[in-house]
Amino acid sequence: MHGEYKVPGGKLVVVDLEVVDGKIREFRLAGDFFLEPDDALPLIDQAVDGLPAATDAAGIAAAVRGALPDGAQLLGFTPESVGVAVRRALSRASSWLDHDWEVIHEGPISPNEHLALDQVLTEEVGAGRRGPTLRIWEWDESAVVIGSFQSLRNEVDPEGAAKYGVQVVRRISGGGAMFMEAGAIISYSLYVPADLVQGMTFADSYAYLDEWVIEALKSLGIDAYYQPLNDITSAKGKIGGAAQKRLGTGAVLHHATMSYDMDGQKMVEVLRIGREKMSDKGTTSAAKRVDPLRSQTGLSRAEIIDRLVDTFTKRYGAHEGHVTDAERQRAHELIETKFATKEWLERVP
């Protein structure tokens with residue numbers, strides 16, 4: 001069995017092993033990481049060899065840590081990353097390059113159609129009718145997208161939303177509210193098979209699925225990094241956040257929103273939670289909390305999206321794709337029966 005795990009912001013961890021009578025055997029660790037002293041490598045191999053194959057990633061990490069000599073230095077990887085790689089080998093997880101990736105970037109649609117497509121395309125990937133896909137959002141109307149479990153009245157000020165003509169909608173993933181204006185943010189969705197993140201904790205999978213974004217932002221001169229659980233940030237402030245929904249069909253929806261040119265004052269008039277966060281931080285300007293990509297790059301939104309798509313395409317060998325007529329029809333049906341209904345929007349009043 002073979003398993004690989006690219007540590008977000010770090011190095012590649014590779015493991016090879018067999019399972020004999022329910023135990024890990026013939027274990028070998030490799031990768032482009034750094035490890036001192038040299039003789040720590042066979043000690044790690046010996047620590048994992050013989051463990052029950054049912055040992056979870058934390059248990060494997062503990063065994064690795066216990067085998068390290070005093071003063072050992074691990075650079076670019078951790079005992080936890082070895083545990084993840086082993087679990088990925090045992091579960092026969094796939095890697096990015098095992099898949100034929102598609103990138104969709106089409107014209108503007110309504111916020112509810114974006115949310116419906118997120119459900120439809122994730123289900124299509126889980127059913128095997130669509131390959132893994134990256135979709136860039138475009139829209140031409142303002143909206144607040146609240147998380148699946150958020151309280152509508154606690155998150156949104158109806159007077160502020162009415163004042164600015166902001167539609168309020170609810171997505172299927174958890175997490176916090178997104179204030180979306182046309183041309184002001186960059187949003188994307190990833191629809192991936194569950195085996196791509198097999199063996200990872202939720203926290204590990206967030207950073208893993210967004211590592212290409214960090215690479216793209218760094219190439220634009222932004223000192224970007226991932227801040228657990230789900231924030232994309234920089235030395236100059238938060239850039240955006242991600243959310244996930246794992247379907248029982250064997251697919252994962254992972255989507256993120258990054259601020260390009262946020263109107264902080266408008267945001268705090270529409271979002272109640274925005275005011276509370278500002279108060280907690282002793283901050284009077286929301287713009288100081290979510291630092292726009294425009295101020296850090298001087299580039300247009302389109303140029304930044306081009307770099308994101310280019311980075312993803314070169315890294316994973318993706319090709320251009322489109323939403324099919326059948327997928328769009330299914331999304332429109334879901335808008336009518338679910339996303340545009342009062343029952344869905346007010347599921348948590």
Side-chain angles (χ1 to χ4, degrees), residues 1-98 174 192-211 214 225-231 242-254:
M1 297 180 182
H2 180 83
E4 298 184 0
Y5 177 53
K6 173 64 170 61
V7 180
K11 299 296 184 177
L12 181 66
V13 177
V14 182
V15 300
D16 289 282
L17 57 92
E18 301 292 338
V19 174
V20 179
D21 295 330
K23 292 188 176 182
I24 297 172
R25 295 297 184 190
E26 301 297 325
F27 179 79
R28 293 292 181 269
L29 172 66
D32 59 356
F33 50 75
F34 299 91
L35 175 63
E36 294 291 345
D38 281 351
D39 57 10
L41 185 63
L43 295 178
I44 293 174
D45 289 344
Q46 293 167 19
V48 177
D49 204 288
L51 288 176
T55 306
D56 62 15
I60 296 166
V64 170
R65 186 173 288 105
L68 294 171
D70 291 341
Q73 296 187 43
L74 287 67
L75 302 177
F77 80 119
T78 62
E80 287 71 22
S81 63
V82 177
V84 171
V86 172
R87 293 311 314 170
R88 287 175 62 76
L90 291 167
S91 62
R92 302 188 185 278
S94 63
S95 70
W96 291 92
L97 296 179
D98 289 331
V192 306
D195 60 26
L196 182 65
V197 294
Q198 198 71 261
M200 299 182 196
T201 65
F202 271 91
D204 288 335
S205 71
Y206 272 94
Y208 181 75
L209 291 175
D210 280 335
E211 188 179 15
I214 302 300
Y225 58 94
Y226 216 82
Q227 182 170 299
L229 171 65
N230 61 335
D231 284 346
Q244 279 188 16
K245 177 67 175 180
R246 302 194 177 198
L247 302 186
T249 58
V252 178
L253 163 64
H254 177 96

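Just so it is clear, the values below take in all heavy atoms, side chains as well, and ignore hydrogens, waters and symmetry mates. Residue numbers run from 1 in the order of the sequence given.
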The complete set of ring-ring contact (aromatic ring centres under 6.0 Å, His included) pairs with one or both residues in residues 49-77, sequence neighbours excluded, reads F33-F77

Without placing hydrogens or testing angles, list every side-chain donor-acceptor pair under 3.5 Å for residues 49-74, not counting sequence neighbours.
{"unit_1": "D49", "atom_1": "OD2", "unit_2": "E26", "atom_2": "N", "d": "2.9"}
{"unit_1": "D49", "atom_1": "OD2", "unit_2": "F27", "atom_2": "N", "d": "3.0"}
{"unit_1": "T55", "atom_1": "OG1", "unit_2": "P52", "atom_2": "O", "d": "2.7"}
{"unit_1": "D56", "atom_1": "OD1", "unit_2": "A58", "atom_2": "N", "d": "3.3"}
{"unit_1": "D56", "atom_1": "OD1", "unit_2": "G59", "atom_2": "N", "d": "2.7"}
{"unit_1": "R65", "atom_1": "NH1", "unit_2": "E80", "atom_2": "OE2", "d": "3.4"}
{"unit_1": "R65", "atom_1": "NH2", "unit_2": "E80", "atom_2": "OE1", "d": "3.1"}
{"unit_1": "R65", "atom_1": "NH2", "unit_2": "E80", "atom_2": "OE2", "d": "2.4"}

Residue pairs meeting side-chain hydrogen bond (donor to acceptor under 3.5 Å, both in side chains), one or both in residues 2-12, sequence neighbours left out, come to H2-E4, H2-D16, K6-E211

Residue pairs meeting side-chain hydrogen bond (donor to acceptor under 3.5 Å, both in side chains), one or both in residues 28-48, sequence neighbours left out, come to none

Side chain to side chain donor-acceptor pair (under 3.5 Å) filter on D204, not counting sequence neighbours, yields T201

Scanning both residues in full, the closest heavy-atom pair of S91 with G199 reads OG-N, 4.4 Å

* Any side-chain heavy-atom pair of R88 and M200 under 4.5 Å -> yes

Applying side chain to side chain donor-acceptor pair (under 3.5 Å) to S95 and not counting sequence neighbours gives D98

Contacts of D231 meeting salt bridge (charged side-chain N to carboxylate O under 4.0 Å, His left out) (sequence neighbours excluded), chain-then-number -> K238

Would you say that L29 contacts V48 through its side chain, given a criterion of any heavy-atom pair below 4.5 Å between the two side chains?
no

Decide if atom CZ of R92 counts as having more than 12 heavy atoms of other residues, nucleotides or ligands within a radius under 6.0 Å. no

With sequence neighbours left out, the residues meeting side chain to side chain donor-acceptor pair (under 3.5 Å) with Y225 are none

Atom pairs and distances, side-chain donor-acceptor, residues 247-254, under 3.5 Å, sequence neighbours left out:
{"unit_1": "H254", "atom_1": "ND1", "unit_2": "Q244", "atom_2": "NE2", "d": "3.1"}
{"unit_1": "H254", "atom_1": "NE2", "unit_2": "D210", "atom_2": "OD1", "d": "3.1"}
{"unit_1": "H254", "atom_1": "NE2", "unit_2": "D210", "atom_2": "OD2", "d": "2.9"}

Minimal heavy-atom distance between A89 and V15, with the atoms involved, is CB-CG2, 4.0 Å

- Message: Within the 4.5 Å heavy-atom criterion, are V7 and T78 side-chain neighbours or not?
- Response: no

Side chains of Y226 and Y208, heavy atoms from C-beta outward: is any pair under 4.5 Å? no

Checklist line | Derivation of the side-chain contact (heavy atoms from CB on, under 4.5 Å) call for L17 and L90 | finding: CA-CA 9 Å; L17 57 92; L90 291 167; 3.8 Å; yes

Between L209 and L196, is the side-chain contact (heavy atoms from CB on, under 4.5 Å) condition met? List the steps. CA-CA 9 Å; L209 291 175; L196 182 65; 3.9 Å; yes

